Asks: 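Okay, handing you the structure first.
These numbers come from a predicted model, not from an experiment. Order of the sequence lines sets the chain letters (A, B, ...), proteins ahead of strands, with each chain counted from 1.
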Amino acid sequence: MSYLAGKELRIIGFLCNWCSYGGADTAGVARFKQPTDLRIIRVPCSGRVNPLFVVKALLNGADGVLVSGCHPRDCHYSEGNFYARRRLEMLKRLLPFLGIDERRFHYTWVSASEGARWQKVVTDFTKIIHELGPLHPKKESTE
Amino acid sequence: MAEKEYVYFPGCSLEASAIEYDLSVRKVLGALGVKLIELDDWSCCGSTPAHSVDHGFAAAVAARNLALVEKMGHSTLITPCPACLSAFKKAHLRMEKDKDFQKEVNSLLDEPYQGGVTAKSVLQIIYEDIGIKAVAEKVKIDLPDLQVAPYYGCIINRPPAVMEFDDPENPVAMDRLMEAVGIKVCDFAFKVECCGAAFGVTKRKMVNELSAKVLAMALEAGANCLVVTCQLCHQNLDLRQEQINRTMGTSFNLPVLFFTQVIGLTYGFSPQELGIDKHNINAEPLIKSRRPVEERIKEEEEKAKAKKPKPKKAEEEES
Amino acid sequence: MSIERLREAVKKILPEVDVVIGYRQGFDPLHATPYFISQPEQVDQLIWNPLCVQNLCSYLPFLKGKVGVIVKGCDSRTIVQYMQEKLIEREKIKVIGVPCLQVISVKKVMAKIDYQVAEEVAFEGENVIVKTPKETKTIPLAEVMPRKCLTCQLATPLQYDILAGEAIQANKPAEAFEEIKEFEQLSLEERRRYWEREFDRCIRCYACRNACPMCICQDRCVAESRDPHWTSQRANLTEKFMFHMIHSVHLAGRCVGCGECERVCPMDIPVAKIKKKISMDLKELFDYQAGINPDDLPPMYTFKVEEAKIKEHEL
Amino acid sequence: MRVGVFICHCGNNIAGTVEVAKVAEEARKMPGVAFATTYMYTCSEPGQEEIKAAIAREKLDRVVVAACSPRMHELTFRRTVEKAGLNRYFFEMANIREHCSWIGEDKELNTNKAIEAVKIAVEKVKQNKPLFPSRFKINKRVLVIGGGVAGMQAALDCADGGLEVVLVEKSPSLGGMMARLDKTFPTVDCSICILGPKMVDVSQHEKITLYAYSEIEEIKGYVGNYQIKIRKKATYVDWSKCTGCGACVEKCPSRNAYDYFNFGVAPCRAINIPFPQAIPKKAKIDPKFCRQFTKGKCGVCAKICPVGAINYEMQDEIVSEEVGAIIVASGYGLIDLDKLPEYGGGRYPDVISGIQYERILNASGPTAGHIVRPSDHTEPKTIVFVSCAGSRDKSIGIPYCSNFCCMYIAKQAILTKDHIPDSQCYVFYMDIRSPGKGYDEFTRRAQEEYGVKYIRGRVSRIYPKGKKLVVKGADTLLGTQVEVEADLVVLATAVIAAPDARILAEKLHISYDPYGFYVESHPKLRPVETNTSGVFLAGACQGPKDIPASVGQGSAAAAKVLSMFSKDTLESDPQIARVNQNICVGCRKCIRTCPFGAIEEQELRDGRIVAKVIETVCAGCGICNSTCPCGAIQLQHFTDNQLLAEVNALCLT
């Protein structure tokens with residue numbers, strides 16, 4: 001069982017519990033409609049997101065990965081997103097060197113009150129991934 | 001001051017009804033060492049009629065001129081007319097923001113507009129590029145009787161997001177320039193009120209009412225002359241002043257000058273050179289008391305001597 | 001620099017330390033091998049020539065007590081990086097610096113003598129002379145220079161307690177990351193195929209990791225652990241790719257560019273390339289180079305509230 | 001391993017756009033899943049009973065509930081599985097409501113998404129380890145930030161409940177905004193008369209330590225054990241000596257100081273006592289205006305002071321306090337008049353703000369309660385009130401309603417009529433918002449008894465005409481333009497977050513909305529809690545609020561603290577970092593990156609240096625985890641393997 005081939009692509013989101021996961025909840029409570037591709041993995045803080053999780057996902061079948069945390073200065077743990085920003089920026093620049101379009105990985109900041117912003121992030125990112133198409137065209141057969 | 005060079009778009013009315021605005025702009029900028037290159041083969045800016053019909057079309061009419069500026073290898077276009085200015089800025093901005101719109105507009109043009117031109121008003125370049133200091137340096141003549149109310153009109157700095165110039169509610173560019181050339185400026189509350197603009201033909205009564213208010217408020221503020229930056233305002237306030245008096249039962253006799261004309265006078269140009277004689281309301285009585293600026297300076301020095309400094313004690317008590 | 005001066009230096013500090021790490025001839029004249037000297041009489045076997053390629057600093061974090069070590073210019077960045085990361089106590093280390101303009105790539109020499117046995121190897125001026133059963137071949141050093149020497153800026157070490165020889169200036173053009181920029185001219189698709197091709201050859205022998213002076217985890221490397229279980233032992237491309245990504249990301253802002261990983265790779269995979277790319281980006285982002293200033297902080301372990309060079313990404 | 005999966009219909013909230021039966025059916029096929037079912041309202045009591053029963057009946061050792069957001073009910077269900085004898089961390093939640101059924105329209109896609117959400121949760125829960133909270137002692141003192149009515153209420157309730165309270169007030173006196181008000185709606189009773197006694201109670205309560213004219217410098221620690229640094233700003237008057245006699249104020253020669261308390265309605269002396277009922281009633285020098293500071297000579301107050309309290313050399317002082325909980329009641333701010341240029345705000349002296357008018361109305365205000373125009377001190381006859389001056393105005397970034405303006409405008413109009421019987425008040429309004437008890441009756445009284453003319457429409461601009469101000473606007477009910485010639489214009493300036501709200505939030509690690517108001521942990525069910533345990537909210541710092549609402553929240557916050565402190569120890573969240581010392585290579589990178597200093601070096605018997613986590617200090621962010629190269633330090637419940645399991649569930653298909 002997998003995402004519905006043809007209709008969806010595989011998009012994984014790592015969301016910090018305090019801001020972005022809450023922002024996604026807020027969007028839901030407000031019934032802000034969004035594309036269905038995104039699958040959310042909840043982490044305490046964007047600082048918990050080891051760039052290698054993103055690499056792992058992209059190498060193993062994800063077509064796009066989204067990381068979202070609290071806005072700078074607003075981190076629940078005060079510094080987590082500052083580390084995330086450096087490490088994820090490093091990764092974003094590295095990916096194209098390996099032949100992976102950097103647009104397939106996006107990191108951003110969404111607060112718990114920004115439901116509308118979350119809807120926009122998800123919608124726009126999904127749109128981009130669909131424009132880029134699958135990262136692993138022969139995915140089904142390779143495994 | 002370094003020689004400056006600008007591509008210049010006079011616009012239709014500055015070749016006809018407001019030719020004196022054109023004259024005075026060229027004189028003043030000339031005196032300030034600015035070289036004007038008239039945009040060759042310039043055409044209608046698209047102002048009012050076009051955009052009430054079709055936005056794409058209106059933008060195209062404006063963008064044609066902007067494209068010409070690019071062709072001349074320039075990146076700035078200046079115009080005295082606020083309506084032309086806002087037409088250029090609106091077209092540029094929307095084409096920049098909305099790529100589809102840009103395609104649509106360019107499809108109407110022989111030469112596509114690449115989006116590399118900033119349009120500025122003559123007021124803006126005098127105030128920002130040349131600067132108060134340089135403007136003041138050139139003053140030769142003092143106009144002791146003149147007390148002006150600067151009237152900016154509705155669009156030279158609004159909407160702020162488009163025009164990006166001065167304060168949208170309380171603009172000061174003209175105030176500062178007038179002060180710089182030694183003119184008394186009155187605190188005028190109607191700086192940006194509506195004069196009735198282009199409704200002069202269709203809704204004459206309304207325009208008369210609105211313009212009457214502007215004139216009344218100017219007198220209220222203690223002014224004996226209005227200074228404007230828009231030839232349409234000028235038309236409503238000067239050309240129609242008798243009409244206003246007739247329809248509103250008022251008896252205004254308030255000269256209305258372009259700010260460039262006032263600066264021109266202080267630079268020593270004659271009223272004729274600046275086309276002041278072309279106005280409906282005669283400004284001569286106000287400006288005939290022209291005298292060399294040195295005289296004023298002397299006068300002020302004497303005044304200063306006259307009143308002796310306050311005793312130290314008082315200053316302690318004051319506050 | 002003469003071997004005598006080096007031997008003197010070693011003799012001089014031997015009493016103060018438990019061991020001095022240097023080089024001696026390996027299983028044949030074409031190979032040098034690390035040499036642990038604890039007795040004066042061993043000193044005579046000490047050698048110094050362009051065959052002394054290994055980065056001997058790699059031993060330091062794992063040796064207790066006081067240690068002397070022979071350090072080339074390039075290797076000295078390792079010392080500095082260890083100091084940044086507090087992996088060594090500098091005062092416990094005696095650094096014998098050796099000026100050096102280039103070493104040679106044994107692989108390239110082997111190719112030149114089409115893999116004959118080297119019976120004798122001698123160095124004369126700008127040439128290396130290799131005697132094989134078939135012939136005696138004179139090869140210009142320049143022709144067998146390893147990649148890292150092409151842009152070497154550290155002819156004299158950054159750190160040393162004794163300098164065996166005169167300080168000399170580097171004579172190579174500065175690193176401009178040419179090869180990286182060139183590579184980035186390729187299309188995404190070409191780049192991807194390139195790495196798939198390269199990493200597909202990987203046999204996961206972990207030589208690159210074991211030779212790396214910055215891979216301090218060594219036998220606790222996540223590439224082989226089940227908890228955490230980042231990669232399986234399956235020999236498919238994805239897992240190989242993943243391993244090299246782990247290696248590269250762990251070295252982000254720490255790689256001192258000593259090139260050991262590439263030198264030891266039995267499959268000739270350009271594993272240093274990715275690390276170099278990261279180093280290039282971090283230099284641009286944070287104006288940081290690993291192993292230059294002992295007081296720096298590795299950029300991945302610190303932050304600025306306002307990052308001058310990192311712009312928010314729009315969608 | 002026997003995982004049980006429970007899919008919630010949530011009435012139609014989920015079942016409406018997700019085929020829950022299909023989700024259960026697919027769940028049964030997942031490796032490790034022994035049981036899967038659906039339920040109408042899983043969070044309801046019977047729903048939880050169902051889970052417990054299933055755990056026993058099916059011998060389940062792990063539970064997944066697919067329902068709403070874990071931020072909503074994770075705790076609920078953890079308790080449920082615990083009651084059924086499982087460790088509470090053998091539970092995972094799949095969010096198929098906020099993140100699925102509510103945001104997707106296509107039922108097929110939603111259903112599939114829900115199935116995958118369950119799959120992720122199942123893979124995660126299979127990796128979960130039992131975790132056991134430890135307990136730690138708490139310091140039963142509470143810090144209250146802000147001495148307005150909300151803060152004072154909270155402080156009094158806590159103190160009466162037996163807790164020691166540290167109350168920090170930024171300005172020189174207690175009272176906040178309420179102390180500035182003349183009367184209060186809808187009862188029109190004197191504001192300071194009902195607030196004054198509270199202020200006295202606070203200052204006299206033996207359990208309350210008051211730091212006036214002080215600010216929060218630094219906050220360290222965690223729930224139960226905070227270390228606070230408080231900056232006592234220099235007053236240049238020794239308050240232990242000052243008797244508040246006011247002699248210095250009388251004689252102070254610098255008469256043009258800005259009067260913060262009166263919002264600059266009139267100037268005050270450089271040394272002053274903010275208002276007669278101030279508590280503490282002590283003088284303070286404003287060095288911006290004091291001649292001793294500006295001119296370097298004067299010393300009048302020092303000469304005059306009978307107790308020699310003046311000390312021009314006084315410096316700020318930092319004091320430390322230790323508390324176990326924090327109540328934030330830092331209040332609100334108002335936009336400056338000059339943010340409203342179209343109303344001539346800041347340019348015309350007779351265009352003033354609502355709060356300035358309160359001071360003018362107030363008997364102890366600068367005009368002794370006589371309504372006069374700031375410009376010429378004449379009595380105005382026509383007064384125009386402009387509501388929503390800045391509020392509900394996207395163009396200046398304030399789309400929200402300021403909550404209480406409609407009411408105080410009605411009150412001020414009524415008071416105006418009382419002061420000047422032959423006056424006429426006009427109110428320009430967008431909507432009259434008077435939902436409180438007795439509120440609507442009040443606004444009607446203003447119109448019907450006091451003849452206040454309410455004009456529905458916005459004011460486009462205000463300009464002076466002679467001595468008068470012409471207020472030009474639209475009457476949207478009559479569909480005409482209106483112009484009113486007023487003597488005085490009062491703008492109901494928009495309520496905004498307090499100036500330093502964001503800075504304080506960052507010190508507290510609590511989040512704020514785009515406008516700077518603090519975010520409560522749930523808009524309906526946890527209105528005074530924040531997402532940082534131990535920090536509570538009261539009053540307008542959370543959003544514009546009138547007095548009864550602020551007082552209510554103050555008491556509510558106090559109640560939360562009292563209930564938290566009803567135990568001697570708190571449970572520490574076991575979701576913290578743990579070091580596997582066999583793997584740790586002692587590279588110290590985690591120590592360097594931990595924001596809380598929660599990791600220290602430890603030397604093992606064999607001399608190896610390894611990392612060690614201080615359990616009570618670790619906040620569980622996991623930065624160390626993503627920093628550690630060998631994965632020796634793992635954030636419990638979010639370990640690499642647990643997150644990898646989730647990634648693999650989605651990728652290795």
Asks: Can you confirm whether more than 12 heavy atoms, excluding those of Lys283(C), are under 6.0 Å from its NZ atom?
Replies: no
Asks: Chain D contacts: which residues in residues 290-304 of chain C have a non-hydrogen atom closer than 4.5 Å to it?
Replies: Leu297(C), Pro298(C), Tyr301(C)
Asks: For the atom pair CG (Asn641(D)) and CZ (Arg226(C)), what is the distance rounded to the nearest 0.5 Å?
Replies: 9.0 Å
Asks: Any residues in residues 622-633 of chain D near chain C, with a heavy-atom distance under 4.5 Å, and which are they?
Replies: Thr627(D), Pro629(D), Cys630(D), Gly631(D)
Asks: Side chain, backbone, both or neither: which part of His229(C) has a heavy atom under 4.5 Å from chain D?
Replies: both
Asks: Indicate every side-chain donor-acceptor pair of residues 212-221 of chain C with a distance under 3.5 Å to a residue at least two apart or in another chain.
Replies:
unit_1	atom_1	unit_2	atom_2	d
Gln218(C)	NE2	Cys215(C)	O	2.7
Arg220(C)	NE	Asn582(D)	O	2.9
Arg220(C)	NE	Ile583(D)	O	3.1

Asks: If you draw a 6.0 Å radius around NZ in Lys273(C), do more than 12 non-hydrogen atoms from other residues or ligands fall strictly inside?
Replies: yes
Asks: Does Arg578(D), at its CZ atom, have more than 12 non-hydrogen atoms belonging to other residues, nucleotides or ligands within less than 6.0 Å?
Replies: no
Asks: Got a sec: does the OH of Tyr512(D) have more than 12 other heavy atoms crowding it under 6.0 Å?
Replies: yes
Asks: What do you reckon, is CD of Glu615(D) surrounded by more than 12 foreign heavy atoms closer than 6.0 Å?
Replies: no
Asks: Non-hydrogen contacts under 4.5 angstrom with chain D: give the residues of residues 77-89 of chain C involved, or none if there are none.
Replies: Gln84(C), Glu85(C), Lys86(C), Leu87(C)
Asks: Chain C heavy atoms under 4.5 Å from Gln642(D): which part of the residue, side chain, backbone, both or neither?
Replies: neither
Asks: Can you confirm whether more than 12 heavy atoms, excluding those of Asp287(C), are under 6.0 Å from its CG atom?
Replies: no
